[in-house]
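Here the structure comes first, spelled out in structure tokens, and everything after it is commentary.
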Amino acid sequence: MIINPPQEIDNFFVKDYQKLYNAALDYPEYFWENIAKELYWFKPWRKVLDWQYPYARWFVGAETNIVYNALDRHLKTPTKNKTALIWEGQDGLVRTFTYFELNEAVSRFANALKSLGIRKGDRVAIYLPRVPEQIISMLACAKIGAIHTVIYSGFSIEAVKNRLIDEQAKIVITTNGYYFRDKLINTKNTIDEAVKEVQTVQNIIVVKRLNIETNMVAGRDLWFDEVCHKADNICSTEIMDSNDPLFILYTSGTTGKPKGIIHGHGGYMVGVYITLKWVFNLQPDDIYWCTADPGWITGHSYIVYSPLINGVTSFFYEGPPDFPDPGRWWSLIEKYKITKYYTTPTAIRSLMRYGDEIPNKYDLSSLKILGSVGEPINPEAWLWFYKIIGKEKCPVMDTWWQTETGMHIITPFPSTPLKPGSASKPFPGIIADIVDEKGQSVSPNTQGYLVIKNCWPAMFLDVYNNPQRYKELYWEKIPNVYFTGDSAKIDEEGYFWIIGRNDDVLKVSGYRFGSAELESALVAHPAVAEAAVIGKPDELKGESIKAFVILKIGVTPTDNLKKELREQMRKLIGPIATPDEIEFVNSLPKTRSGKIMRRVLKAQELGQPLGDTSTLES
Ligand code: WT7
């Protein structure tokens, strides 16, 4: 099935994909350099790309600051008085910021951080829900050259603590609480618990989101508004080397604890800037809404940095799609006349379940382009999104990328003839392929490993504190190419069809978990001897979590114990990690060397062929 592009093709930045792709393929450095020249640099580069396996460094020798391009630059143009951000709370509270006002808020907080001793290269953790201070904090850190780590506000004590320890954060920014649906989430208590074992944290800065009693530790805890109030509203933007780190964002991998993905100022800025502009065909009068959370990479790239660099007006909403009723998000599209709307397959599928009558009650005619990200979108959900939300006039951009890639890698453009369920083709300048385990390209319609065979500017700089893992996990599986961890197919017309992860990473409602991370939370329970976790196909969430648990000798398997284990996962990692199924078993399939074969477990569970079992312990 092909969905043809709308009529307005002449107004699109990308009119002829193939021509652009070929040109970028011939001269990739020239292609990226020309885009980089649209942005501001304190000092130009000596070299566009320096690739020394396994590290790529972009715009070598150049100096810039992503915040200079996101804010300062606009203050000399009419964008200064344009609305940068419209925020609405779940409770209906509205706050707006022009570019000028946002810059002022960022400058104040940047000065406050400085007065607390934060310097270039220091790490600052941001543990906030979707409130303007989340964005302000990120920009304030970047402005003074500090490295931000945003920790998703749905994470619990253990997950927060591990991240704070790994990055050795000096300051944590949190809120005194917020409502998620009708539940009060006390983030401040979580932080108080989490920092108990973290020596490096000197201050906790608290955003007063609610008028509730808050435990403030004298000398350590400070109110966000108070520190800003005392600070000056002018702050110069630190000059950064193009490859200086901008942020660390933790993400789950096959083994061990989540790893800190590092992105830098220069290359990342160029990549995120152009991808959103072209894929969503950004226009000066757009009201853009990305429903993600800046706790994840989508929020970093496409809520905070790219929209601001592009000078658009963004809408930012605090709450979930279906609270207090399943029309909430649609009502916001109507209210703010959203033109570009970027969301997730899980959100689409969950709203689709309520039927067409709900979205049909709202005027969604302002919409022009729709987007999807985070997990494969099934054709049924794609078509519903296209027909019921977009009224068959808005192209659906199914964008494939990762925390590590920083920017869109495989994506359509509004001018692309679309195939529902396919993320279309690689962005110009990127060579993606499907290969077998030896690195040989496979024939069309054959499943294989999705790899990237060249460099792109927003690629991550390293794994924080762990260059060994960086090399092993991404660059050695198949020598010299970037290993994405996904399986996919390419059809005879060159369209990519993403199948899912080929490692022990789960995608539950778009959230990324490593099996090992979930298992270690289970094994931390005194009744558990061993555990293995797999992802099972789920109609709504993409994948659901199933845990197989071997209990210690003498422990009785009960439903109550299952409940306790669920609670344990919620407490240690977060509610998003609650297993859907727990099964008590007496043994687990293992290799002779004792490694759990989750692949075999999954095949057994789904009634599929077991594949190669030669290493299976008999
Ligand atoms: C993994 C990366 C991309 C930002 C949010 C997630 C899956 C992502 C798609 C898509 C099919 C997708 C992949 C990828 N994924 N986008 N459009 N179609 N799968 O970032 O948490 O780093 O996860 O998400 O499996 O490897 P992330």
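Atoms within a ligand are numbered from 1 in the order they appear, just like the ligands themselves. What's counted below: heavy atoms across the whole structure, side chains too, no hydrogens, waters or symmetry copies.
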(request) Using a strict cut-off of 4.0 Å, indicate which atoms of ligand 1 neighbour a heavy atom of Val373. (result) 3 (C), 4 (C)

(message) At less than 4.0 angstrom from any non-hydrogen atom of Arg512, what atoms of ligand 1 do you find?
(response) 2 (C), 21 (O), 22 (O), 23 (O), 27 (P)

(message) Would you say the ring centers of Phe427 and Trp278 fall short of 6.0 Å from each other?
(response) yes

(message) Return the CG to CD1 distance between Asn454 and Ile431, rounded to the nearest 0.5 Å.
(response) 4.0 Å

Could you tell me whether [X] and [Y] make a salt bridge, using a distance below 4.0 angstrom between a side-chain N and a carboxylate O?
X	Y	value
Lys471	Glu476	yes
Glu539	Arg353	no
Glu605	Arg599	no
Arg349	Glu375	yes
Lys161	Glu158	yes

Does ligand 1 have a heavy atom under 4.0 Å from the side chain of [X], from its backbone, from both, or from neither?
X	answer
Ile377	neither
Thr403	both
Glu375	backbone
Ala423	neither

(request) May I ask you to decide if the ring planes of Tyr152 and Trp296 are parallel, tilted or perpendicular, using 30° and 60° as cut-offs? (result) tilted

Can an N or O of [X] be found at a distance shorter than 3.5 Å from an N or O of ligand 1?
X	value
Glu404	no
Asp398	yes
Ser372	no
Thr251	no

(message) Can you confirm whether the side chains of Glu404 and Tyr474 place a donor and an acceptor under 3.5 Å from each other?
(response) yes

As a check for students: among [options], identify the option with a heavy atom nearest to [atom].
atom	options	result
atom 5 (C) of ligand 1	Asn502, Ile498, Thr298, Thr411	Thr298
atom 27 (P) of ligand 1	His408, Arg501, His300, Lys507	Lys507
atom 14 (C) of ligand 1	Ile410, Asp486, Ile297	Asp486

(request) Report the nearest protein non-hydrogen atom to atom 11 (C) of ligand 1: residue, atom name, distance rounded to 0.1 Å. (result) Pro376 N, 3.1 Å

(message) I'd like to know if Trp401 contacts ligand 1, where contact means a heavy-atom distance under 4.0 Å to any ligand atom.
(response) yes

(message) Tell me whether ligand 1 is touched by Gly374 - counting only heavy atoms on the residue side and a distance under 4.0 Å.
(response) yes

(message) Counting neighbours of NZ on Lys453 that are heavy atoms of other residues, nucleotides or ligands and sit closer than 6.0 Å, is the number greater than 12?
(response) yes

